[in-house]
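Protein chains get the first letters and strands the later ones, always in sequence-line order, with residue 1 at the start of each. None of the values given here were measured: they were computed from a predicted structure.
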There are 2 protein chains.
Amino acid sequence: MLTKPSQEPCEVSGCHAYNALLRRLDANDARVFRDATRTKKFPVGRTLFSQGETCEQLYFIESGLVGLRRSDENGNSALLRLCRAGESLGYRAITAGAAHQNTAEVLASSQVMIVSKSVLRWLAHRNTEFSGGFLGFALNALNQTEAICAELLTARLKDRLLSLLAMFDERVVGSESSQRFEIELPIQRKDLADLLGTNPASLSRTIARLHKDGDVRFNGRRVLVLKPEALKKEASRFWVQS
Amino acid sequence: MLTKPSQEPCEVSGCHAYNALLRRLDANDARVFRDATRTKKFPVGRTLFSQGETCEQLYFIESGLVGLRRSDENGNSALLRLCRAGESLGYRAITAGAAHQNTAEVLASSQVMIVSKSVLRWLAHRNTEFSGGFLGFALNALNQTEAICAELLTARLKDRLLSLLAMFDERVVGSESSQRFEIELPIQRKDLADLLGTNPASLSRTIARLHKDGDVRFNGRRVLVLKPEALKKEASRFWVQS
DNA sequence: TGGGCGCCTTGACCTCGGTCAAATCGCCAC
DNA sequence: GTGGCGATTTGACCGAGGTCAAGGCGCCCA
């Protein structure tokens, strides 16, 4: 995919963030950028980078799912949010010239494009608008993190779970209103629990309650949504315009 | 302060963010920027801008305290975080060309510098590194919001309160370890409760518990810290390096 | 000096969700 | 199949914190 001499240099990858950066470069620099890109597959459980490390690379998620985790010295560890296909990672530490503030752990097997810091520095030096791209990434991340934060401040576990479910399927915001449909969860219960700030036991109980109320039926990682409007109501927070 | 012909153009205001932007401009543009700046005092309860509005101005907090609040259509409203003297507001909506995602409400009487969007646009057009400044602001905000998020995901109300107290006094991270000292809270209970994701009643009970345990003694807005090490332990999350 | 009005605290009550241990399920290798 | 192991659910228990209403306190103003 990266080697084909594309006629339309704006769409050379399946990663939105990658394309957004590429669009800010002239043909020549775009070639440099593409040539410096390599692709790697990461299995579940692997980490792209760890909190405290200095940043060496810029990452672009082509497929899969990566979680950002933050720990403190008291031993607490929180799974802050998910990064999906199309997103970029590592730009924060590179731009700030600081260590990674979070650990990026692979939650579902992911295909990732990688560009080394040195190439990036070289390009950024020649293209001052380059940082405009990162600014866009940061603003999106900030908005989403604030949405999550707002939810943690106000919503109950049950509603947070519904809202999280809504994240995993774009049909939730689609038009086919009252149709039941199925979502395939890409991650396991422990991770879901971490994202919600709870533990697998409590999560399991909440799922049982939803089941009993007839809203949503869980079967392992398959989730049958019986009342889409319940999800829709909760979904809104996450879909800030990007 | 803004009119004096400064010899050292880097430090013309008491606002760190303002100075950071100014430093990215040459002498000429810096003058344009300064001349376009006006100062305004906002009393408690006023808002700088509201969620959903289009952004017309860039704000710099010289003194006081501003809170960012996010509401959703279900009627929930969360006070996300505090913006203190030195911070900038409004750059997100301007940069993204979108509406404000949050409401900025004045929690403690504030002195604010204001620059109109049109001037900013003009300057940003001539100075492509300008967005690098905003990127820095966004990365800081993101880090802090993540820290708050992590705390909400893992910590109990009591510990979140201690951590919030620590925010209000830099002595907490200082060296004078075991000395008791006093903090003057700039905001009222309701706002504290909102920041912690709780209500005044529960907050009051938590305060009473801290009082009984001999850690911290509240007297209205005056807080006597008896065991600084208790605060120190919690403070760490918020002081990510900027 | 005595309302009046916010702000804050307290009481009573109860639900949500945390904790720990045991049981069950699902999956893979042998 | 069968044992093993991790993932998930369930049970039993209980504590943190939500809710609503009443009470106290401080402050301003007439």
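Going from atom CG of B:L210 over to atom P of D:dA16 covers 13 Å, rounded to whole Å. The interatomic distance linking B:L185 (CG) with C:dC8 (P) rounds to 10 Å, in whole Å. Separating the CG atom of B:L196 from the P atom of D:dA16 is a distance of 17 Å, rounded to the nearest angstrom. The CZ atom of B:R189 sits 11 Å away from the P atom of C:dT10 (whole-angstrom rounding). Following rounding to the nearest Å, A:I207 (CD1) and D:dT8 (P) show an atom-to-atom distance of 9 Å. Atoms CD (A:Q188) and C1' (C:dG26) sit 13 Å apart, rounded to a whole Å. Atoms CG (B:D194) and P (C:dC7) sit 13 Å apart, rounded to a whole Å. As a whole-Å value, the separation of A:H211 NE2 from D:dT9 C1' is 13 Å.
Rounding to the nearest 0.5 Å places OG of A:S202 at 6.0 Å from CZ of A:R205.
A salt bridge links B:E182 and B:R222; the closest N-O separation between the charged side-chain nitrogens and carboxylate oxygens is under 4.0 Å. Ion pairing between a basic and an acidic side chain is recognised when a charged N comes within 4.0 Å of a carboxylate O; B:E146 and A:R92 show such pairing.
A side-chain donor-acceptor contact under 3.5 Å links A:S13 to the backbone of A:C15.
In this structure the side chain of A:H100 never reaches within 4.5 angstrom of the side chain of A:Q51, judged on heavy atoms. A heavy-atom distance below 4.5 Å is not found between the side chains of A:I114 and A:L48.
When the side chain to side chain donor-acceptor pair (under 3.5 Å) test is applied to B:E56, the partners found at least two apart in sequence or on another chain are B:T54.
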Please tabulate, one pair per line, each protein N/O and nucleotide N/O from nucleotides 27-29 of chain C that are separated by under 3.5 Å, including the distance.
none

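Checked against the 6.0 Å centroid threshold, B:Y59 and B:F49 count as a close aromatic pair.
Within 6.0 Å of the NZ atom in B:K40, the count of heavy atoms belonging to other residues, nucleotides or ligands does not exceed 12.
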**Request:** At under 4.0 Å between heavy atoms, which parts of nucleotides 17-25 of chain D does protein reach? Answer with one letter per nucleotide, 5' to 3': B base, S sugar-phosphate only, - none.
**Result:** SBBB-----
